[in-house]
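This is a predicted model, so every value here is computed, not measured.
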Amino acid sequence: MGFLLACFVNGLTIERTSSYSIVQVSGSVLSVYSGDFGSVDAQGTVEFALDYDEKNREFQVHVSQCRGLAVVDERKGRSDPYVKTYLLPDKARMGKRKTSVKKRTVNPVYNEVLRYKIEKMVLLIQKLNLSVWHNDPLGRNSFLGEIEIDLASWDWSNRKLNWYPLKPRSLSAVNGVDHRGVMSLSIKYVPPGSLGPRNPPSGEVHIWVKDVKDLLQLRPSGVDSFVKCYVLPDTSKKSYQKTRVIKRDTNPVFNHTIVYDGFHTEDLKDACVELTVWDHEKLTNHFLGGIRLGLGTGLSYGISVDWMDSTQEEVAFWQEMMLAANEWIEGLLPLRSLAGRKKLK
């Protein structure tokens, strides 16, 4: 892709990049989410304690034991349980912690401490999700129950071990919903020569990022967000565009349009527009969520790729654009975790 031209029209930022090019991409990142293949009902209790080490700036989860867990393998009358924790709302940022696996027991004893290096002020806007799972050798792990603790209201003087009932997964978790916000945008495809002789000389995809509602807040000071855009499979710097940073706002208004030209109509079947939202910090940027606009076939130019994984809503949005040349198609799409996402600066 060539260089970018930018201008401002009635408060709308418009950027144009040229010469859509195809490059081979590969690689993936491991998912931080365990699969839930079991169908057992949650039961039993878990004993744990929470503490914050001020000196080492460390959050500690002392997992003691569980009692009365569900039996996964009824034929053998066994479960192989372990405990896993996340800090919400952004599972991926701090990563998961988990205990060892205790085999052939529904009353496992762990006496293990799971640790997170995190500032106290940041910790207080998090929730602790503690869940118990059966470990399957083939990775078909079964969910056994969970508990969620709002750390903002936690009594930090309470360092004693306490018993808590394990609960079934929430409806949003069962349906795989990982709420990260909603993006309002419009897209348009302008075929070559559709506006007159050689106007435009090549096909153009217009992407108008309007706003995002209800972003994750990872820091007490708020969210300083911006949007990145790539047209995959091209991950070069020429494909990369971004909006300005909107500071301290969980409902940022961007009103930013990007125009990619050099498209052939047949490229729309194999290309994917990836829009990701990030929280800007001095040392690093933190992923908040994203969308992928394409046909979701798993293939790009005959090559199997993990990023061609658009949801039904995203596919329908892209297809509507393909069928309605020269018309703006408006959409409201939920942000989500993205498999195979590369951490591109």
Side-chain angles (χ1 to χ4, degrees), residues 30-53 58-118 123 126-151 153-179 337:
L30 294 175
S31 171
V32 298
Y33 306 100
S34 293
D36 180 11
F37 295 94
S39 58
V40 298
D41 294 329
Q43 67 179 60
T45 55
V46 57
E47 185 185 41
F48 65 91
L50 305 182
D51 193 15
Y52 186 79
D53 185 337
E58 184 178 78
F59 175 48
Q60 301 172 350
V61 183
H62 179 193
V63 181
S64 174
Q65 58 184 317
C66 298
R67 285 183 186 166
L69 296 177
V71 174
V72 174
D73 190 336
E74 293 185 358
R75 185 172 60 87
K76 296 182 179 179
R78 64 176 285 182
S79 292
D80 298 339
Y82 68 96
V83 175
K84 178 174 66 174
T85 61
Y86 283 110
L87 290 179
L88 306 177
D90 189 359
K91 291 181 177 181
R93 186 185 186 194
M94 294 299 297
K96 67 184 173 186
R97 306 288 189 272
K98 61 182 181 178
T99 66
S100 57
V101 176
K102 302 300 179 182
K103 298 198 172 187
R104 300 179 181 85
T105 179
V106 293
N107 301 298
V109 177
Y110 299 101
N111 287 323
E112 298 178 31
V113 179
L114 308 179
R115 306 173 188 273
Y116 291 86
K117 289 289 187 180
I118 185 171
L123 181 66
Q126 313 286 312
K127 290 183 180 180
L128 172 69
N129 178 272
L130 183 149
S131 56
V132 185
W133 296 77
H134 162 72
N135 181 70
D136 183 90
L138 299 178
R140 298 175 66 84
N141 300 333
S142 298
F143 174 80
L144 300 179
E146 72 176 1
I147 182 170
E148 200 163 284
I149 301 291
D150 187 345
L151 298 177
S153 57
W154 180 256
D155 179 8
W156 293 98
S157 65
N158 176 18
R159 297 185 177 89
K160 295 180 180 179
L161 290 167
N162 289 288
W163 286 97
Y164 301 88
L166 291 168
K167 300 178 181 180
R169 305 190 82 177
S170 63
L171 182 61
S172 62
V174 171
N175 291 335
V177 176
D178 182 17
H179 184 72
S337 302

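Here the closest heavy-atom approach between residue Gly145 and residue Ala42 is recorded as CA-CB, 3.8 Å. Here the closest non-hydrogen pair linking Gly68 and Gln43 is O-NE2, 3.2 Å.
When atom types are taken as modelled, the side chain of Glu112 and the backbone of Ser100 share a donor-acceptor pair closer than 3.5 angstrom. Between the Ser79 side chain and the Val72 main chain, a donor and an acceptor come within less than 3.5 Å of each other. Side chain of Gln60 to main chain of Leu114: no donor-acceptor pair is present (N/O by atom type, distance under 3.5 Å, no hydrogens or angles). Panel note: side chain Ser64, backbone Glu47; no donor-acceptor pair is recorded below 3.5 Å.
Annotation: salt bridge (charged side-chain N to carboxylate O under 4.0 Å, His left out) contacts of Arg78 (sequence neighbours excluded): Asp80. Under the rule for a salt bridge (charged side-chain N to carboxylate O under 4.0 Å, His left out), the partners of Lys117 that lie at least two apart in sequence or sit in another chain are Glu58.
Within the model, atoms CD of Gln126 and CD1 of Ile118 stand 5.0 Å from one another, a figure rounded to the nearest 0.5 Å. Rounding to the nearest 0.5 angstrom, the gap separating the CG atom in Leu166 from the CD1 atom in Ile147 is 7.5 Å. How far OG1 of Thr99 is from CH2 of Trp133: 13.0 Å, rounded to the nearest 0.5 Å. Atom CG in Leu161 sits 10.0 Å away from atom CZ in Phe48 (nearest 0.5 Å).
With 3.5 Å as the limit, one finds no donor-acceptor pair spanning the side chains of Ser131 and Glu146. Residues Thr105 and Asn107 bring no donor and acceptor atom of their side chains to less than 3.5 Å of each other.
Within the 4.5 Å cutoff, the side chain of His134 has no heavy atoms near those of the Leu69 side chain. Between Phe59 and Leu151, some side-chain heavy-atom pair lies under the 4.5 Å cut-off. Looking only at side-chain heavy atoms (C-beta outward), Val83 and Cys66 come within less than 4.5 Å of each other.
Both tests pass for Arg97 against the ring of Tyr116: distance under 6.0 Å to the centre and angle within 45° of the axis.
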| task | Go through the steps to decide whether Leu130 and Ile149 satisfy the test side-chain contact (heavy atoms from CB on, under 4.5 Å), and finish with yes or no. | result | CA-CA 8 Å; Leu130 183 149; Ile149 301 291; over 6 Å; no
| field | Criterion side-chain contact (heavy atoms from CB on, under 4.5 Å) on Leu87 and Lys127, from CA distance to verdict | value | CA-CA 6 Å; Leu87 290 179; Lys127 290 183 180 180; over 6 Å; no
| request: Output, in order, the C-alpha distance, side-chain angles, deciding distance and verdict of side-chain contact (heavy atoms from CB on, under 4.5 Å) for Val113 and Val61. | output: CA-CA 5 Å; Val113 179; Val61 183; over 6 Å; no
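Using bins of under 30°, 30° to 60° and over 60° for the plane-to-plane angle, the ring pair Tyr164/Trp154 lands in the tilted bin.
Listed by first and then second residue, the salt bridge (Lys or Arg N to Asp or Glu O under 4.0 Å) pairs that reach into residues 98-108 come to none, sequence neighbours excluded.
Checked for salt-bridge contact, Asp51 and Arg159 meet the test: a charged N lies under 4.0 Å from a carboxylate O.
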